[in-house]
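Here the structure is laid out as structure tokens; the discussion comes afterwards.
Note on naming: letters A, B, ... go to the chains in the order of the sequence lines (proteins, then strands), and numbering restarts at 1 for each one.
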Amino acid sequence: MSKIQTPQAIRGTQDIFGPEQEAFGFVVDTFERVRRLYNFKRAEMPVFEPTAVFARSLGETTDVVSKEMYSFDDRSGDSLTLRPEFTAGIVRAYLTNGWQQHAPLKLTTHGPLFRYERPQKGRYRQFHQIDAEILGAGEPAADVELLVMADQLFKELGIDDGVTLHLNTLGDPESRAAWRTALVAHFEKHRGGLSEDSQTRLDVNPLRILDSKDPRDRPIVGEAPVIDDSLTDEARTFFDAVTAGLDAAGVAWTRNARLVRGFDYYRHTAFEFITDRLGAQGTVLGGGRYDGLVEALGGPHTPSVGWAAGIERLAMLVGERDAPSIDVAVVPLGEAAEQAANGIIANLRRGGIATDMAYRGNMKKRMKKANDAGARFAVILGEDELANGKAAVKDLSTGEQRDVALGDIVDAVR
RNA sequence: GCGGUCGUAGCUCAGUUGGUUAGAGCGCCGGUUUGUGGUACCGGAGGUCGGGGGUUCGAAACCCCUCGUCCGCCCCA
């Protein structure tokens, strides 16, 4: 008989618990609080969609679509895909549910995403993001609002000093096309000096050469034309409005003329919040304006902006956190006291006081558990106290202890 | 997908040129204290040495394969 082999977790997945989960939860809770301050609604979408949702939106040739998606045929033969990003599914929901009537629609969501990649720290096959989108708004004010919200999120997470907002514009289609043409001409002239990767990029996605890390590419990139020379007046006006809005809101940013987008549908504003504390996984929040996406999914022209941030990466910057302490631990002695304690803990909890009681153990163990849980008070209920209709309330920080009538316990520990 | 690193207790790590029953700290459990936590002291449990195969009288250590981790590239949050 062979030994039973415990199944292992799938590569690139994580079980999050304890101090790491506290950090993870802190990120999500903070995001939920901040998005309400900005009057963003919350939406839930399925974790899988028809494969076409992502293939069309991301572009068939991108790495994400061509080799990183978890795609499979379901039992009826339909090709489904575990979402590798949020935006495409949100746009699909926007179109299929008629959310256009709410435009401009400010939406947030968060949850798991899936990409078949080589795992590293801060990079997983199932990972989690928070996401914010504004659909149906072509005004630069929408870009500004999203960026100010992101900035406030970093501040409230306490990690703003390690993170920098990098900002660029990709222009409108006309600007972008002109810039692209100029870039291709420049890089073609120096093709032989480019790295092998960048020579491939030149044929597939020339903008991507700009953020190449290869030292051979740096001098050629340094002389490459910048978007500013190709911007139409409208595109320039738009970008100026965004930067002026950020300045007015007191949000620090730096221009990064080499910041481009991997996905095809981005226009105008592109941005990333970058840290130098996570190695190669420096981008902790990224996004931009994707005015062309809704049309790519068969909808009407719907200018939109959005961003997403990796919860794991944010949680790593936040650092491990302790679980919140409870207020009261009830320590009963004997069966009669254990029964009576049920009423006491119910009253405490109904009164909004975080309370716990161990299922078993002698007094010493229960006191230790009370201490470990960070309880401010122990409510000790023994035979003597019970007979008098009282309980001993002990302040665990000072060690002081006094008898309190059972009906007064909630007030005594408040 | 490419190149590299590292896998020993729940965690962080020792482990001599290959040589008996594989160690420490922290954590966990118990005791000193049969109605009182934090400190201290004492004791205990806990290990397929990632897995499989090979070399050898003998492997945690050497070789091969494999799985996983971490780092860089690609790409991206």
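- Rounded to whole angstrom, the span from the CG atom of A:D395 across to the P atom of B:U36 amounts to 19 Å.
- Between the P atoms of B:C28 and B:G53, the separation comes to 38 Å (whole Å).
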Which pairs would a plain distance check flag for residues 364-377 of chain A, meaning a side-chain donor or acceptor within less than 3.5 Å of a matching protein atom at least two apart in sequence or in another chain?
| residue | atom | partner | partner atom | Å |
| --- | --- | --- | --- | --- |
| A:R366 | NE | A:G361 | O | 2.6 |
| A:R366 | NH1 | A:A358 | O | 3.1 |
| A:R366 | NH2 | A:E338 | OE2 | 3.2 |
| A:R376 | NH1 | A:D327 | OD1 | 3.1 |
| A:R376 | NH2 | A:V413 | O | 3.1 |

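- The residue A:Q401 sits close to a base: some heavy atom pair falls under 4.0 Å.
- Each of A:E385 and A:A309 was matched to the nucleotide of RNA chain B holding its nearest heavy atom; the match closer to the 5' end belongs to A:E385.
- Applying the 6.0 Å contact sphere to CD of A:E174 captures no more than 12 heavy atoms from other residues, nucleotides or ligands.
- In this structure, A:R83 atom CZ and B:A77 atom C1' are separated by 14 Å, rounded to whole Å.
- Between A:L246 and A:L167 the shortest side-chain heavy-atom distance falls below 4.5 Å.
- Not counting sequence neighbours, the partners of A:Y116 by the ring pair (Phe, Tyr, Trp, His ring centres under 6.0 Å) test are A:Y70.
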Given pairs defined as Watson-Crick or G-U wobble with both distances under 3.5 Å, what dot-bracket annotation applies to RNA chain B, with ( ) intrastrand, [ ] crossing, | other strand and . unpaired?
-> ((((.((..((((.....[...)))).(((((.......))))).....(((((..]....))))))).))))....
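- On the P atoms, B:C57 is 24 Å away from B:G50, given to the nearest whole Å.
- Spacing between atom NZ of A:K394 and atom C1' of B:G37 amounts to 6 Å, rounded to whole angstrom units.
- Residues satisfying the salt bridge (Lys or Arg N to Asp or Glu O under 4.0 Å) test with A:E196, not counting sequence neighbours, are A:R216.
- In A:E20, the CD atom is not crowded: 12 or fewer heavy atoms of neighbouring residues, nucleotides or ligands sit closer than 6.0 Å.
- For A:R115, the side-chain atoms get nearest to B:C76 when compared with the rest of B:U36, B:G38, B:C76.
- A distance of 11.5 Å separates CG of A:L293 from CZ of A:R56, quoted to the nearest 0.5 Å.
- Taking atom P on both nucleotides, B:U12 is separated from B:U56 by 37 Å, rounded to a whole Å.
- Counting to the nearest Å, the C1' atom of B:C75 and the CZ atom of A:F127 are 11 Å from each other.
- Comparing B:U36 with B:G31, their P atoms sit 13 Å apart, to the nearest whole Å.
- Scored by the ring pair (Phe, Tyr, Trp, His ring centres under 6.0 Å) test, A:F238 finds A:H268 as partners (sequence neighbours excluded).
- Rounded to a whole angstrom, the distance from the C1' atom of B:A59 to that of B:G25 is 27 Å.
- In this entry the distance linking CG of A:D15 with P of B:C11 reads 13 Å, nearest Å.
- Rounded to the nearest Å, the gap between the C1' atom of B:G10 and that of B:A77 is 30 Å.
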Pick out the pairs of N or O atoms, protein on one side and nucleotides 70-74 of chain B on the other, that lie under 3.5 Å.
| residue | atom | partner | partner atom | Å |
| --- | --- | --- | --- | --- |
| B:C71 | OP2 | A:K121 | N | 2.5 |
| B:G72 | OP1 | A:A280 | N | 2.9 |
| B:G72 | OP2 | A:Q120 | OE1 | 3.2 |
| B:G72 | N7 | A:Q120 | NE2 | 3.4 |
| B:C73 | OP1 | A:K213 | NZ | 3.3 |
| B:C74 | OP1 | A:R201 | NH2 | 3.1 |
| B:C74 | N3 | A:R123 | NH2 | 3.3 |
| B:C74 | N4 | A:R123 | NH1 | 2.2 |
| B:C74 | N4 | A:R123 | NH2 | 3.0 |

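- Between the side chain of A:N371 and the base of B:G37, at least one donor-acceptor pair of N or O atoms lies under 3.5 Å.
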Nucleotides 28-32 of chain B: which of its N/O atoms have a protein N/O under 3.5 Å away?
| residue | atom | partner | partner atom | Å |
| --- | --- | --- | --- | --- |
| B:G30 | OP1 | A:K365 | NZ | 2.6 |

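- At the heavy-atom level, A:G361 lies nowhere under 4.0 Å from the strands shown.
- With sequence neighbours excluded, no residue forms a side chain to side chain donor-acceptor pair (under 3.5 Å) with A:R125.
- For the salt bridge (Lys or Arg N to Asp or Glu O under 4.0 Å) condition, no pair includes a residue of residues 380-399 of chain A, sequence neighbours left out.
- B:C65 and B:U5 have their P atoms separated by 13 Å, with the value rounded to a whole Å.
- Whole-Å rounding puts the A:Q8 CD to B:G7 C1' distance at 13 Å.
- Comparing B:G51 with B:A60, their P atoms are spaced 11 Å from each other, to the whole Å.
- Looking at heavy-atom distances under 4.0 Å, A:E196 makes no contact with the nucleic acid at all.
- The distance between atom OH of A:Y116 and atom C1' of B:G1, rounded to the nearest whole Å, is 9 Å.
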With a 3.5 Å cut-off and sequence neighbours excluded, list the donor-acceptor pairs that the side chains of residues 130-154 of chain A form with protein atoms.
| residue | atom | partner | partner atom | Å |
| --- | --- | --- | --- | --- |
| A:E133 | OE1 | A:Y290 | OH | 2.5 |
| A:E133 | OE2 | A:T87 | OG1 | 3.2 |
| A:D143 | OD1 | A:R289 | NE | 3.2 |
| A:D143 | OD1 | A:R289 | NH2 | 2.7 |
| A:D143 | OD2 | A:T269 | OG1 | 2.6 |
| A:D143 | OD2 | A:R289 | NE | 3.1 |
| A:E145 | OE1 | A:K106 | NZ | 3.4 |
| A:E145 | OE2 | A:K106 | NZ | 2.8 |
| A:D151 | OD1 | A:K155 | NZ | 3.3 |
| A:D151 | OD2 | A:K155 | NZ | 2.7 |
| A:Q152 | OE1 | A:Y38 | OH | 2.6 |
| A:Q152 | NE2 | A:E156 | OE2 | 2.9 |

Listing, residues 159-166 of chain A side-chain donor-acceptor contacts under 3.5 Å, not counting sequence neighbours, or none:
| residue | atom | partner | partner atom | Å |
| --- | --- | --- | --- | --- |
| A:H166 | ND1 | A:N256 | ND2 | 3.2 |

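- With the nearest nucleotide of RNA chain B identified for both A:T13 and A:G382, A:G382 has the one nearer the 5' end.
- Partners of A:D203 according to the side chain to side chain donor-acceptor pair (under 3.5 Å) rule, which considers only residues two or more places apart in sequence or in another chain, are A:R191.
- Between the CD1 atom of A:I274 and the P atom of B:C76 there is a distance of 13 Å, given to the nearest Å.
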